[in-house]
Amino acid sequence: MEKKPFVTLEQVKEIAKTYPTPFHIYDEKGIRENAEKLKKAFSWNKGFREYFAVKATPNPFLINILKEYGFGVDCSSMTELVMAEKMGFGSDQMTDGIMFSSNATPAEEFVYARKLGAIINLDDFTMVDFLEKTAGLPEKVCCRYNPGGEFKISTTIMDNPGDAKYGMTKDQMIEAYKILMSKGVKEFGIHAFLASNTVTNEYYPTLARELFELAVELKEKTGANITFINLSGGIGIPYTPDKEPNDIMVIGEGVKKVFDEVLVPTGLGDVALYTELGRFMMGPYGALVTQAIHEKHIYKEYIGCDACAANLMRPAMYGAYHHITVLGKENEPCDHKYDVTGSLCENNDKFAIDRMLPKIDMGDYLFIHDTGAHGFAMGYNYNGKLRSAELLLKEDGSVQMIRRAETISDYLATFDFCDIFKGVE
Ligand SMILES: *Cc1c(COP(=O)(O)O)cnc(C)c1O
């Protein structure tokens, strides 16, 4: 699939007059159409709800768009809980608006999550006791499952749950349910996240079968009242142009088939399905726009940008591919080979290595695709680099700033007890 930017060079030139590069920009229209489609794909399930994984794109303006579709949020830290509360996802404003899927959880976070009426998803068997002692047990509890071994779709290994720190074993799930029931818990959920960024329509149906069968077994062995199953995140996006995007309608149909086959005949046809998608909801609808400000000719050809890994860490951290379009040169031949770099004093600060692109001239704007999830969010301040602004391209074509760029005084804010930095702008 050809990757097309959702803004033109002319638009970016106009935007850059007000908001200098680099910036992350998000496409409201894309976000809405996708959210609509997800709802439609699972509309056959009465209790279906998406809990957007806040960590993917923790911006209240974007999350508010998703809120319009009735989605909740998936939080995993105190800060995310506080944000969720301020955005109106707490129990006094929205029933079951927050899923708290954390691990190695500090006591005060359980206390706060309980205060907000969040659905608590226990990552470990020992957390049963910990939750009871620190925050008390709610009436509804979810437990996170880890089947161990490899997670395969037919013969392809998708990921390695056996090496993952998350979740509990099946025996522990059974034991946890029994203990929780004996202590008065009335409603149960099952959660698992077994493979990340899957670009296949088979992931959810395969995961669903595993979790639905587990639900049947848990019900048989414990008698627990299982009311929801959380398929979590993991539906991926095609970062490379050669990949076909997932078809959420096909995925929804695939899950329905397994639901009808496994859950309906065992009396579990009322189970609600939840998702905690992050990447799929936002990834393709965000981009990092940066300007080429230097070129360098040594043993390789380098293009130096005004953005760096502090704005987008995935290439440096995972060697992740992010497609790059040189705006205004969409139709020119990709006959130049470049390393596209940031300015960190770190040699892994490269957005692309040996990438074939059109000839880049100084001042060209590069559109780095698919940064809408786990992009800005992973930003950091190494080398004193500042995080960029976030902008929203609205459906009417106008642009709204939804987060301002950091300033040096933001960077220095944690020294606000020192006199020497007073007055720094
Ligand atoms: C990160 C995460 C998600 C979202 O994952 P995506 O790959 O962005 O869909 C969902 N649930 C949990 C518990 C997570 O840690």
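We count ligands from 1, going down the list as the structure has it; atoms in each ligand are counted the same way. What you see is a predicted model, and the numbers here were worked out from it, not measured in a lab.
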TODO: Mind checking side-chain contact (heavy atoms from CB on, under 4.5 Å) for E261 and listing every partner two or more places apart, or none if nothing turns up?
DONE: R209

Open item on the list: Using a strict threshold of under 4.0 Å (side-chain N to carboxylate O), is an ion pair present between R387 and D410?
Closed with: no

Task: Aromatic contact, F367 with F6 (centres under 6.0 Å) - done: yes

Task: Pairs involving residues 217-241, ordered by first then second residue, that meet ring pair (Phe, Tyr, Trp, His ring centres under 6.0 Å) (sequence neighbours left out) - done: F228-Y274, Y239-H322

Task: Of all pairs that satisfy ring pair (Phe, Tyr, Trp, His ring centres under 6.0 Å), the ones with a partner from residues 133-162, not counting sequence neighbours - done: F151-Y203

Quick one: table the atom pairs, ligand 1 N or O against protein N or O, below 3.5 Å, distance rounded to 0.1 Å.
unit_1   : atom_1 : unit_2 : atom_2 : d
ligand 1 : 8 (O)  : R279   : N      : 2.7
ligand 1 : 8 (O)  : H374   : NE2    : 2.7
ligand 1 : 9 (O)  : G234   : N      : 3.1
ligand 1 : 9 (O)  : G278   : N      : 3.0
ligand 1 : 11 (N) : D74    : OD2    : 3.2
ligand 1 : 11 (N) : S232   : OG     : 3.3
ligand 1 : 11 (N) : E276   : OE1    : 2.6
ligand 1 : 15 (O) : K55    : NZ     : 2.7

TODO: For the residue pair E390 and N59, confirm or rule out a side-chain donor-acceptor distance under 3.5 Å.
DONE: yes

